Number of protein chains: 2
Amino acid sequence: MKLRESYTCPLELVHDIIKGKWKTIIIFQLRNGKCSFSELHHSIAGITQKMLLEQLRELKHFGLIDKKTYDGYPLKVEYFLTGQGEKMLSAIKIMQEIGIDYMVEHGMTEILDEKGICY
Amino acid sequence: MKLRESYTCPLELVHDIIKGKWKTIIIFQLRNGKCSFSELHHSIAGITQKMLLEQLRELKHFGLIDKKTYDGYPLKVEYFLTGQGEKMLSAIKIMQEIGIDYMVEHGMTEILDEKGICY
DNA sequence: CCGTATCCGATCCGATACTG
DNA sequence: CAGTATCGGATCGGATACGG
């Protein structure tokens with residue numbers, strides 16, 4: 001969650017911002033616009049509530065996503081990408097392609113639909 | 001080093017391929033062509049021999065880089081990006097930009113030269 | 001110059017139970 | 001529905017020493 005005082009390389013900083021198992025997937029899930037906490041929770045296979053919340057908090061802290069809270073009951077919250085989040089998304093989309101390339105190359109295609117999107 | 005049998009998402013697979021503190025930096029260092037082991041070692045601030053070798057082995061195993069070994073003494077080895085490595089580089093370049101944006105935004109500019117390249 | 005091996009603290013992340 | 005707290009095993013990565 002905390003960055004260092006200084007870095008010798010921008011990539012080291014970015015690594016500290018998006019490291020971990022879930023952040024790229026969360027950003028990718030926000031590619032089509034706003035999502036509630038539970039939409040994210042249900043659309044990301046295998047993530048726990050704890051991890052999702054923790055990662056959302058960090059992504060917000062680093063300015064890749066933002067959220068809007070509506071008072072009332074039940075509580076309603078919407079998460080969405082910021083400008084920098086969109087920029088990160090453009091890198092993540094390339095990585096998605098690389099993943100699909102690898103899967104095709106190695107016969108791991110069973111999980112892909114015709115567009116290579118799996119959620 | 002080992003991937004799972006199957007993944008529910010291409011990004012999860014890519015994460016397993018490039019996770020860790022050093023891989024994106026190593027790929028970025030290879031952006032201008034071939035490098036020897038010691039060129040990489042000297043150009044990447046703070047990396048140990050152990051980590052560099054370990055990460056190079058994994059990157060090769062996953063097909064993002066390749067190497068050419070010349071017999072003779074002293075030993076000479078050259079590492080370079082494959083096609084998929086170049087594709088990953090295009091994503092990494094975007095992340096580099098994001099890192100520079102963040103540094104500029106947060107007054108961490110002291111390490112950047114006029115092009116934002118620090119090695 | 002290039003590559004290998006081991007030890008060990010730090011961190012990550014899943015499971016689980018609980019609150020507003 | 002959204003968010004918090006704690007515990008413990010697995011993994012990561014730095015230090016260090018050795019080998020082709």
Side-chain angles (χ1 to χ4, degrees), chain A residues 1-4 7-9 11-26 29-30 34-62 65-80, chain B residues 1-4 7-9 11-26 29-30 34-62 65-80:
Chain A
M1 181 92 178
K2 271 187 98 68
L3 298 181
R4 299 213 303 273
Y7 286 87
T8 55
C9 168
L11 285 174
E12 231 179 326
L13 186 152
V14 172
H15 177 256
D16 278 351
I17 290 177
I18 58 150
K19 71 183 169 192
K21 184 172 176 177
W22 300 110
K23 291 206 189 73
T24 58
I25 295 176
I26 293 170
Q29 280 305 118
L30 291 170
K34 301 189 258 274
C35 286
S36 68
F37 182 86
S38 55
E39 279 167 353
L40 289 169
H41 195 193
H42 291 123
S43 64
I44 300 177
I47 197 168
T48 61
Q49 215 171 26
K50 175 202 164 187
M51 290 312 296
L52 179 55
L53 214 32
E54 211 169 275
Q55 305 308 304
L56 285 169
R57 209 185 312 131
E58 293 186 19
L59 288 171
K60 180 170 190 310
H61 180 248
F62 294 128
I65 67 172
D66 202 352
K67 77 174 179 182
K68 185 155 170 28
T69 306
Y70 301 86
D71 295 339
Y73 199 84
L75 289 178
K76 185 181 168 188
V77 177
E78 283 174 342
Y79 292 92
F80 53 90
Chain B
M1 179 90 177
K2 270 186 98 66
L3 299 181
R4 297 213 303 273
Y7 287 87
T8 55
C9 166
L11 284 174
E12 232 180 325
L13 185 152
V14 172
H15 177 256
D16 277 353
I17 290 177
I18 58 153
K19 71 183 169 191
K21 183 171 175 177
W22 300 109
K23 291 207 189 73
T24 58
I25 296 177
I26 293 169
Q29 279 307 116
L30 291 170
K34 301 189 260 272
C35 286
S36 69
F37 182 87
S38 56
E39 280 168 351
L40 289 170
H41 195 192
H42 291 123
S43 63
I44 300 177
I47 197 168
T48 61
Q49 216 171 23
K50 175 204 164 184
M51 291 311 296
L52 179 54
L53 212 33
E54 212 168 273
Q55 304 308 302
L56 286 169
R57 209 185 313 128
E58 295 186 18
L59 287 170
K60 180 170 189 310
H61 180 248
F62 293 127
I65 68 172
D66 202 353
K67 77 173 179 183
K68 188 157 169 20
T69 306
Y70 301 87
D71 295 339
Y73 199 86
L75 288 177
K76 184 182 170 191
V77 177
E78 284 173 343
Y79 291 92
F80 52 91

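These numbers come from a predicted model, not from an experiment. Here is how names work: the chains are called A, B, and so on, in the same order as the sequence lines, proteins then strands, and each is numbered from 1.
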- Query: How close or far is atom P of C:dT16 from atom CD of A:Gln49, stated in whole angstroms?
  - Reply: 14 Å
- Task: Could you check whether A:Thr69 gets within reach of a base, just the sugar-phosphate, or nothing at all, counting any heavy atom under 4.0 Å?
- Result: nothing
- Looking only at heavy atoms, the pair that brings B:Gln29 and B:Cys35 closest together is O-SG, 3.9 Å
- How do B:Pro74 and B:Leu53 order along DNA chain C: which one's closest nucleotide is nearer the 5' end? B:Pro74
- Query: Shortest non-hydrogen contact from A:Lys68 to A:Phe80?
  - Reply: N-CE2, 4.0 Å
- Message: Closer than 3.5 angstrom, by distance alone: can the side chain of A:Lys23 be matched with the main-chain N or O of A:Lys19 as a donor-acceptor pair?
- Response: yes
- Query: Nearest-Å distance, CG (B:Leu40) to C1' (C:dG3)?
  - Reply: 14 Å
- Message: Just N and O in the side chain of A:Thr48: are any of them under 4.0 Å from OP1 or OP2 of C:dT16?
- Response: no
- Nearest whole angstrom, please: distance from the C1' of C:dT4 to the CG of B:Leu56. 14 Å
- Item | Out of C:dT4, D:dT4, D:dA2, whichever nucleotide has its closest atom nearest the side chain of A:Arg57 | D:dT4
- Query: What nucleotide, of C:dT4, D:dA2, D:dC1, holds the atom closest to the side chain of A:Ser36?
  - Reply: D:dA2
- Query: Atom CZ of A:Arg4 to atom C1' of C:dT11: distance rounded to whole Å?
  - Reply: 15 Å
When you compare the protein's N or O atoms with those of nucleotides 8-13 of chain D, which come within less than 3.5 Å of each other, and at what distance?
unit_1 : atom_1 : unit_2  : atom_2 : d
D:dG13 : OP1    : B:Lys21 : N      : 2.7

- Query: Can you tell me how far the CG atom of A:Leu56 sits from the OH atom of A:Tyr79, to the nearest 0.5 Å?
  - Reply: 5.0 Å
- Task: Please determine, for the side chain of A:Leu75, which listed nucleotide (D:dG3, C:dT4, D:dC1) has the closest atom?
- Result: D:dC1
- Message: Between A:Tyr79 and D:dG3, is there a contact of a side-chain N or O with OP1 or OP2 at under 4.0 Å?
- Response: yes
- Here the pair of heavy atoms bringing A:Thr48 nearest to A:His41 is C-NE2, 4.1 Å
- Side-chain contact test, heavy atoms from C-beta onward, threshold under 4.5 Å: evaluate it for B:Val77 versus B:Phe37 and give yes or no. no
- Query: Where the side chain of B:His42 meets the backbone of B:Ser38, is there a donor-acceptor pair that is under 3.5 Å apart?
  - Reply: yes
